[in-house]
Amino acid sequence: MQLPSRWPVGVKLQPSESFGSWFARLAWAHGLSPSELYRVALPGGRIAGADLDRHACDDLIANLTIHTGVPRNDLEKATWRSWRGAVFGRDDGGGNLAWLPPGGRIYSNHSFGQQVCPSCLAADKEPYFRAEWRLGFVAACPHHHRLLVDRCPGCSSSIGAQAAPNNASLAKCGYCGFDLRNIAPIKVDEHDLAPQRRLLRITRGDWQHMGEAGPVHPVLFFRIFALLYRLVASGRHALPLRRHLMGPGSDIRAEAIPRLQEIERYPPRTRLILVGLAWQLAQDWPHRFAEACSAAGFHRWMMFKQPADVPFIYAAAVMQYLNGSTHHVQPDEIRVAAGKLEAEGEQPTYKALRGVLGVKFHAARHLAAPAKPHKPYGTHRYWKLDGVSPSTRAAVKAAAHHAGENVGAWVDQALREALAKTKKADG
């Protein structure tokens with residue numbers, strides 16, 4: 001398959017467009033699929049599921065410049081290279097980069113690193129993907145104040161330009177053809193967008209002021225911010241930390257956020273919340289961070305194995321402010337403390353035992369007396385569906401999986417929507 005030196009159809013690189021988006025539109029304009037055009041643009045090469053936003057090599061970019069007339073510098077800026085020295089320091093092409101999860105189908109699995117704004121796609125004369133939609137801390141469209149979408153609601157597949165057949169549109173799912181422009185918007189408040197707006201400015205080279213640490217270089221800041229994000233997203237102490245930061249008056253319960261080991265796979269709605277919580281920890285550094293971690297029961301031995309493993313600013317805050325006891329309470333100690341409390345006529349509840357021992361003991365909490373009599377509500381993974389018919393239970397599990405949520409979060413959202421409709425109908 002041969003094309004002339006200057007290819008017949010010119011495709012303009014749109015403002016803020018990603019390289020993979022432009023490459024797919026270029027292929028379709030010539031009646032080819034992206035994989036077919038890749039073999040033409042780079043003889044002997046195979047796209048093989050490669051994420052072109054990250055893995056567009058120098059030879060491919062140089063050849064495309066010759067064949068299309070689009071300046072090489074513009075094509076390089078459309079790739080992840082534009083964030084080198086800001087979001088990340090260097091990229092050897094192996095492993096995942098913080099804040100830049102892979103997109104599309106990776107081997108046999110879907111990776112949900114490509115997001116879209118259905119309203120932006122609907123407004124485009126020819127739909128295209130924006131480069132910033134690839135950033136993990138970007139979860140909402142600042143122009144339309146709505147959540148982004150990272151999977152097709154029709155088939156639950158990931159979104160990606162390379163999966164679409166010839167003469168396709170980036171506004172449609174490449175697997176089932178669902179029109180992404182028809183997805184109903186979920187609105188986002190400006191208050192929730194504020195951290196994202198500031199983070200985007202940092203990607204363009206702004207240094208971030210971190211309290212006592214002073215101005216911090218973007219690469220260093222995003223490393224620290226990734227640690228804070230993981231702190232509120234996963235691990236055994238993430239839940240008490242979220243409870244402290246969100247407070248009792250929050251619209252969303254801290255427990256509604258699922259626990260995922262691969263935190264890059266959180267859907268946009270969850271990431272918007274977690275980014276906001278991590279942003280709270282980064283303010284007035286290190287005092288707000290230290291206060292929240294202390295309230296959640298963090299000690300410095302929980303935060304990292306060696307100070308050299310994390311940035312100095314982060315390690316120094318932990319070493320200075322989180323000096324709590326590292327004593328691991330033993331069951332015999334709990335029993336002795338319980339006997340002392342009972343001898344004084346007091347119930348050995350968890351709170352009372354903590355007061356005597358001076359430390360938390362979550363792993364042995366079953367040794368404490370219950371604070372008040374209660375019946376166990378549920379003991380299995382799907383206790384939220386106790387009392388629900390088997391057919392409804394199966395449908396709820398499937399719907400939650402389809403939406404990329406855990407069962408609890410999905411049920412909570414569904415109930416909120418149903419109550420809102422009822423309230424509206426009642427006038």
Side-chain angles (χ1 to χ4, degrees), residues 13-19 21 53-54 73-74 76-91 97-101 103 113-117 119-120 123 128-148 150 187-233 245 263-264 266 268-289 311 313-314:
L13 185 66
Q14 297 296 321
S16 303
E17 184 173 13
S18 66
F19 181 90
S21 168
D53 287 341
R54 180 183 185 184
N73 189 49
D74 291 350
E76 289 184 344
K77 286 182 178 178
T79 69
W80 289 3
R81 301 181 194 190
S82 63
W83 293 315
R84 186 166 51 199
V87 179
F88 59 89
R90 58 184 296 269
D91 179 16
L97 295 173
W99 303 117
L100 287 164
Q114 177 64 69
Q115 308 174 97
V116 299
C117 171
S119 296
C120 286
Y128 68 93
F129 294 165
R130 279 66 169 169
E132 67 184 34
W133 291 347
R134 296 302 306 272
L135 292 164
F137 53 77
V138 173
C141 176
H143 307 293
H144 296 101
H145 286 72
R146 63 172 294 175
L147 279 178
L148 298 181
D150 69 347
K187 290 297 183 180
V188 175
D189 293 334
E190 178 60 34
H191 172 76
D192 296 324
L193 272 168
Q196 178 181 299
R197 291 186 188 277
R198 177 57 191 159
L199 290 167
L200 284 172
R201 287 197 294 272
I202 298 173
T203 67
R204 294 189 281 271
D206 280 10
W207 287 44
Q208 174 64 15
H209 194 277
M210 289 190 68
E212 294 181 355
V216 175
H217 188 277
V219 171
L220 177 57
F221 174 77
F222 278 117
R223 282 193 62 198
I224 297 171
F225 195 65
L227 291 170
L228 299 179
Y229 180 86
R230 180 169 288 278
L231 210 58
V232 297
L245 293 170
I263 58 176
E264 297 83 6
Y266 278 115
R269 185 170 71 94
T270 303
R271 278 188 283 109
L272 185 70
I273 298 169
L274 294 175
V275 165
L277 298 179
W279 186 255
Q280 286 187 48
L281 292 178
Q283 306 310 300
D284 190 27
W285 186 267
H287 304 294
R288 191 174 298 184
F289 164 77
I313 293 173
Y314 185 85

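Only heavy atoms go into these numbers, but all of them, side chains included; no hydrogens, no water, no symmetry mates.
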Note, [X] side chain near [Y] side chain (heavy atom, < 4.5 Å):
{"X": "W80", "Y": "R134", "value": "yes"}
{"X": "Q196", "Y": "P142", "value": "yes"}
{"X": "D150", "Y": "W133", "value": "no"}
{"X": "C141", "Y": "L148", "value": "yes"}
{"X": "Y128", "Y": "P15", "value": "yes"}
{"X": "W99", "Y": "W83", "value": "no"}
{"X": "Q208", "Y": "P215", "value": "no"}
{"X": "D91", "Y": "R54", "value": "yes"}

Quick one: do Y314 and W285 satisfy side chain to side chain contact (heavy atoms under 4.5 Å, CB included)? Show the steps, please. CA-CA 10 Å; Y314 185 85; W285 186 267; 4.1 Å; yes

Roughly how far apart are [X] [atom1] and [Y] [atom2], rounded to 0.5 Å?
{"X": "S18", "Y": "Q114", "atom1": "OG", "atom2": "CD", "result": "6.0 Å"}
{"X": "R204", "Y": "L199", "atom1": "CZ", "atom2": "CG", "result": "10.5 Å"}
{"X": "S82", "Y": "E132", "atom1": "OG", "atom2": "CD", "result": "10.5 Å"}
{"X": "F225", "Y": "L220", "atom1": "CZ", "atom2": "CG", "result": "13.5 Å"}
{"X": "M210", "Y": "I313", "atom1": "CE", "atom2": "CD1", "result": "6.0 Å"}

Would you give me the side-chain donor-acceptor pairs under 3.5 Å for residues 271-281, sequence neighbours excluded?
residue : atom : partner : partner atom : Å
R271    : NE   : Y266    : O            : 2.9
R271    : NH1  : Q115    : OE1          : 3.2
R271    : NH1  : G136    : O            : 2.9
R271    : NH1  : V138    : O            : 3.3
R271    : NH2  : Q115    : OE1          : 2.6

Please report the shortest heavy-atom distance between D206 and I202, naming the atom on each side. O-CG2, 3.5 Å

Quick one: side-chain contact (heavy atoms from CB on, under 4.5 Å) partners of D74, sequence neighbours excluded? L13, V70, P71

Go through the structure and list residues passing side-chain contact (heavy atoms from CB on, under 4.5 Å) with R84, not counting sequence neighbours. R81, F88

Does R223 count as lying over the ring of F221, i.e. NZ or CZ under 6.0 Å from the six-ring centre, within 45 degrees of the axis? no

Taking the six-membered ring for Trp, are the ring centroids of F222 and F137 within less than 6.0 Å of each other? yes

Applying side chain to side chain donor-acceptor pair (under 3.5 Å) between S119 and each of R146, H143, H144, report the one that passes. R146

Less than 4.0 Å between a side-chain N and a carboxylate O, is that true for R197 and E190? yes

